[in-house]
Chemist: 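Here it is: the structure, laid out below.
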2 protein chains.
Amino acid sequence: MYMSFARITAAEAAALIKNGDNIGLSGFTPAGTPKATTAEIAKIAHAEHEADRPYQIGIFTGASTGLSCDGVLAQEDAIKYRAPYTTNSIFRGKVNEGKIAYNDIHLSQMAQELRYGFLGDVDWAILEVCAIEDDGKVYLTAAGGIAPTVARLAKKGIILELNSFHSAKSIGIHDVYEPKDPPLREPIMITKVTDRIGTTYLQLDPKKIVGVVECNIPDEARAFKDADPVTDKIGENVANFLMAEHKRGIIPESFLPFQSGVGTTANAILGALGSNPDMPAFEVYTEVLQNAIVDLMYKGRVKCASTCSLSVTNDKLLDIYDNMDFFKDKLVIRPSEISNSPEVVRRLGLIAINTAIEVDIYGHANSTQICGTKMMNGIGGSGDFERNAFLSIFTCSSVAKGGCISAIVPFCSHIDHTEHDVKVIVTEQGVADLRGKSPIERAKTIIENCAHPDYKQFLWDYLKISQKGHSCHNLAATHAFHDTFIKEGDMRKVDFSKYTL
Amino acid sequence: MYMSFARITAAEAAALIKNGDNIGLSGFTPAGTPKATTAEIAKIAHAEHEADRPYQIGIFTGASTGLSCDGVLAQEDAIKYRAPYTTNSIFRGKVNEGKIAYNDIHLSQMAQELRYGFLGDVDWAILEVCAIEDDGKVYLTAAGGIAPTVARLAKKGIILELNSFHSAKSIGIHDVYEPKDPPLREPIMITKVTDRIGTTYLQLDPKKIVGVVECNIPDEARAFKDADPVTDKIGENVANFLMAEHKRGIIPESFLPFQSGVGTTANAILGALGSNPDMPAFEVYTEVLQNAIVDLMYKGRVKCASTCSLSVTNDKLLDIYDNMDFFKDKLVIRPSEISNSPEVVRRLGLIAINTAIEVDIYGHANSTQICGTKMMNGIGGSGDFERNAFLSIFTCSSVAKGGCISAIVPFCSHIDHTEHDVKVIVTEQGVADLRGKSPIERAKTIIENCAHPDYKQFLWDYLKISQKGHSCHNLAATHAFHDTFIKEGDMRKVDFSKYTL
């Protein structure tokens, strides 16, 4: 137990953060993110704004945060700038109103862009920890994120939130490793999912620790929608496709490690794979571990997992902490630049499965912006994983909004992943295998196998009014689906007959 | 010298290749590509088609090839399928007519996609070599490409073209290394530009060698347009930007290795850097080495270079072969999956500079298709380098076709590189530094600094008619620039007043 460092209140910690400061946070998703100080910062912002004084800060994180950070700070218009990934709905609203400068970068690049000096100074690091030693060693909680980097870069100091909700029994779960920067960077020597290359603790400079905020705050686990027939069918389609690839020898006998996104579809896919009797027990190398994986680990269906965060429900989190004897050689938490490292992802040969908002007929995918303008989440790690995976799979429901929106469109309204990076598209309608195909072959496969029956003819019609080429497009009608939805509320009201070549 | 293998003519070699076969070639750009056999295959295709018999083959290469391969084979409609990158104009024409199924993938992924079984069988490997040993060791010529992989995978046999134009004095220049596939892949242990991890020879299975075609054929070096005031100004802008980043400590004191694309602008940039007295001697880690780099090596301005190919003029190539004592510790040729490896590119921290056809106001880049439909080149290695570089720079002239085309557009007509991967845009007008910026901040920077004066107001007008959001777009007018150019021959005739929200 620590003796050397001052105990301070969250309000005292928050009072250190001045207008214009940039704060760097531990955590990745709400998991592992400090919650006490940021909530107090929001109160200061409120008071300052009431007094007509300016108060806004910049936020650097591993990924999204929860209500106690992005939520309350956005509510108070206290965020000037933020990177990277986000999910909070209040924050998202302010971004779409143009009130927050939000910079959506690949999660694997966040720490290095800070180190490279591309994003400005880190003034303060605020880290959630479960144990502190007098020499400055601290033990992180439920996520790796960018904690090592913001702690090292923090110019004004480090605030520790010692959150007793997180048990010190978890000590040993982390593998903390921060790469050097070019020209001194070394290979990341991970060749197996659970290889360890770092330390279980994060070594801080004790002189930089300005105080310890003791608290007991549960994690802000997100609830996901229940599975439904559509997500179940997507899960079944993915599982059947992968099992066939395994059977014909494309996927090695021992299978390859999985990465999968967050949410109901991801759970449905894992459920379908986990319950398939022909599927061998498998490994997971991902950024976000959900309840479903923990359950499959207990069942012996998932052999081991590497993640950046335990984005599980609080009961599941406490359950892991209570069973560290079981998990200690099966589960490792890494910083985001390692969990999402292109180098490691490609070496291990992941099967990457992520959800798209929409895909187009040539295989580009939109992960972030609805109708090209409204930020939904951010790209997260999907680019890190999909570009470098052995197999790059995107899933989506073929329609949304009661059929008024097709997720298969002529030209994505925003492109986060290009045709060069998307190998397989799966909807509840079926599977489009794009490997080795030319653009026009991809278009035929996607329309035939993935589009909803209501939209197939519209997509064929689009090709008919398109200029022929390597890809075929009508540059007046590329986003006619979206424009029609905006103006008439239903993409099916599109009228391609009004477009000429 | 070899004794074990049959000498055959190019015509005899070509006669082995049957309708429907897939051939895998050595080389990367016309450099190092076999030229004798493919020219004879074209004659067979011609005769077969005259006799009304089907004859088409698939082609797997490292990158583009020249007239003697893509050119004559496309001319005879002898190519059913081809991957990856291409530049030949006859081939390009057939692709844009829809007569060739062309699959445009990242060059670093080509060899592994073949090994993974994603692209079908490799029936024959045809390799250009400068020396052959009786145990099946061969020495490649001016490129690494995918030679190790196609040689190992070839099911029906290997044809060697022993091209005496390439001197055996070059032996030692190659570092041949083929990674294992997951789950057995190991780290690629390159930490410095000239590190060697493989062998100087390629070990073939002697039993697979069906014959040796002896020939003497020069390489098909491409000529580039002369520098002009626009490319010179782009070069100057890039050099000034980089020198300023160096001065303020963002780029390390010793600088970082360069990757740069092919062509006049690349030469102008290298020229401007090479002649800048404040620029230290630098290193190059790239896929294509041009004359300019060789000249800078002789001057001591470039310390060393790693490449996949020597895409130099023939006199320069022979000059390198004659001066191997000078080059042997300064120059290494690697297979494309190593020269373009995301792992190595990120570790070394490259400064990547590539040319775009167009960029949009949010920082997406089009490298491949004019007006979204007409294939120009292919993505090549630009995705490998730009995604993983320390600094990702795209250059283009702000206008083309006498000012009728703006290279800065509201929404790229094809997207090969997303906003997440483009950090700096440079035109002859100036530099847009996008690091850390939100989309709308990027739009302002790009319009202000990079757009041609003729187009600035049009771009501001587009923002005025756009839906507000994280990005701002009018989904009816995203490609109005392009549509206007197609219909009226001049983007400046665009009329944004006809678009409503």
Side-chain angles (χ1 to χ4, degrees), chain A residues 95-96 98 101-106 116-120 181-183 185-187 189 191 250 252 254 256 342-343 346-349 364 369 371-375 379 383 387-388 390 413-416 418 420 435-438 440-441 467-473 475-476 478-479 482-483 486, chain B residues 95-96 98 101-106 116-120 181-183 185-187 189 191 250 252 254 256 342-343 346-349 364 369 371-375 379 383 387-388 390 413-416 418 420 435-438 440-441 467-473 475-476 478-479 482-483 486:
Chain A
V95 166
N96 289 329
Y102 168 56
N103 177 22
D104 189 22
I105 65 177
H106 300 293
Y116 293 171
F118 292 178
L119 305 178
D181 289 332
R185 192 171 291 178
E186 301 282 339
M189 297 301 286
T191 58
I250 295 289
S254 61
L256 288 169
E343 169 176 343
R346 186 153 164 161
R347 185 182 302 145
L348 297 180
H364 304 261
Q369 292 180 52
C371 281
T373 56
K374 300 300 178 214
M375 172 55 56
I379 190 169
R387 164 75 68 91
N388 298 291
F390 175 88
S413 63
H414 185 266
I415 291 177
D416 296 289
T418 72
H420 315 287
R435 290 172 293 176
K437 291 196 170 64
S438 70
I440 198 68
E441 291 169 337
Q467 281 222 318
K468 299 304 167 248
H470 180 55
S471 307
C472 302
H473 276 300
L475 276 304
T478 39
H479 298 121
H482 305 85
D483 187 52
I486 290 169
Chain B
V95 166
N96 289 329
Y102 168 57
N103 177 24
D104 189 23
I105 65 180
H106 299 293
Y116 293 171
F118 292 178
L119 305 179
D181 289 331
R185 192 170 292 177
E186 302 281 340
M189 298 300 287
T191 58
I250 295 290
S254 60
L256 288 168
E343 169 176 343
R346 187 153 162 160
R347 184 182 303 144
L348 296 181
H364 303 262
Q369 294 180 52
C371 280
T373 56
K374 301 301 179 213
M375 172 56 56
I379 189 168
R387 165 74 68 91
N388 297 291
F390 174 89
S413 63
H414 185 267
I415 290 177
D416 296 288
T418 73
H420 316 287
R435 289 172 294 176
K437 291 195 169 65
S438 70
I440 198 67
E441 291 170 336
Q467 282 223 317
K468 299 301 167 251
H470 180 55
S471 307
C472 302
H473 277 300
L475 276 304
T478 39
H479 297 122
H482 304 85
D483 187 51
I486 289 169

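Every heavy atom of this structure was used, including side-chain atoms; hydrogens, water molecules and symmetry mates were not. Chain A is the first sequence line, chain B the second, and so forth, proteins listed ahead of strands; every chain is numbered from 1. Quick caveat, the model's predicted, so the values are computed rather than measured.
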Chemist: Which atoms of B/Asp181 come close to chain A, meaning under 4.5 Å heavy atom to heavy atom: side chain ones, backbone ones, both, or neither?
Modeler: neither
Chemist: Strictly distance-based, threshold 3.5 Å: is any side-chain N or O of A/Thr373 a donor or acceptor partner for the main-chain N or O of B/Gly469?
Modeler: no
Chemist: Using non-hydrogen atoms only, which part of A/Glu441 is less than 4.5 Å away from chain B: side chain, backbone, both, or neither?
Modeler: side chain
Chemist: How many angstroms lie between CG in A/Leu256 and CD1 in A/Ile250, if you round to the nearest 0.5 Å?
Modeler: 11.5 Å
Chemist: Nearest 0.5 Å, please: how far is OG1 in B/Thr191 from CE in B/Met189?
Modeler: 7.5 Å
Chemist: So which of A/Gly436, A/Cys472, A/Cys371, A/Gly349 has the largest heavy-atom pair count under 4.5 angstrom toward chain B?
Modeler: A/Gly436
Chemist: Can a donor-acceptor pair be found between the side chains of B/His364 and B/Thr418 at a distance below 3.5 Å?
Modeler: no
Chemist: Just give me the residue among B/Arg347, B/Lys374, B/Arg435 that pairs up with chain A most often, heavy atom to heavy atom, under 4.5 Å.
Modeler: B/Arg347
Chemist: What part of A/Ser254 gets closer than 4.5 Å to chain B, counting heavy atoms only: side chain, backbone, both or neither?
Modeler: side chain
Chemist: Distance check, rounded to the nearest 0.5 Å: A/Thr478 atom OG1 versus B/Asp483 atom CG?
Modeler: 8.5 Å
Chemist: Considering only heavy atoms, which portion of A/His473 lies under 4.5 Å from any heavy atom of chain B: side chain, backbone, both, or neither?
Modeler: both
Chemist: Return the option, out of B/Leu119, B/Ile105, B/Ile486, B/Ile415, with the maximum number of heavy-atom pairs under 4.5 Å with chain A.
Modeler: B/Ile415
Chemist: Only pairs of heavy atoms separated by less than 4.5 Å count here; which of A/Lys468, A/His414, A/Glu186 has the most with chain B?
Modeler: A/His414
Chemist: Could you check which of A/Gly117, A/Gly372, A/Ala476 has the highest count of heavy-atom pairs closer than 4.5 Å to chain B?
Modeler: A/Ala476
Chemist: Consider only side-chain N and O atoms of B/His420 and B/Arg387, and report whether a donor and an acceptor are under 3.5 Å apart.
Modeler: no
Chemist: Can you list the steps and then say if B/Arg346 with A/Glu343 is a salt bridge (Lys or Arg N to Asp or Glu O under 4.0 Å)?
Modeler: CA-CA 8 Å; B/Arg346 187 153 162 160; A/Glu343 169 176 343; over 6 Å; no
Chemist: Non-hydrogen atoms of chain A under 4.5 Å away: do they reach the side chain of B/Pro252, the backbone, both or neither?
Modeler: side chain
Chemist: Without swapping roles, check the side chain of B/Ser438 against the backbone of A/Ala101 for a donor-acceptor pair under 3.5 Å.
Modeler: no
Chemist: Under 4.5 Å from any heavy atom of chain A, what part of B/Gln369 do you find: side chain, backbone, both or neither?
Modeler: side chain
Chemist: Checking heavy atoms, do the side chain of B/Ile440, its backbone, both or neither come under 4.5 Å from chain A?
Modeler: neither
Chemist: When you measure from the side chain of B/Asn96 to the backbone N and O of B/Met375, does any donor-acceptor pair fall under 3.5 Å?
Modeler: yes
Chemist: With chain A as the partner, which of B/Gln467, B/His482, B/His470 has the greatest number of non-hydrogen pairs under 4.5 Å?
Modeler: B/His470
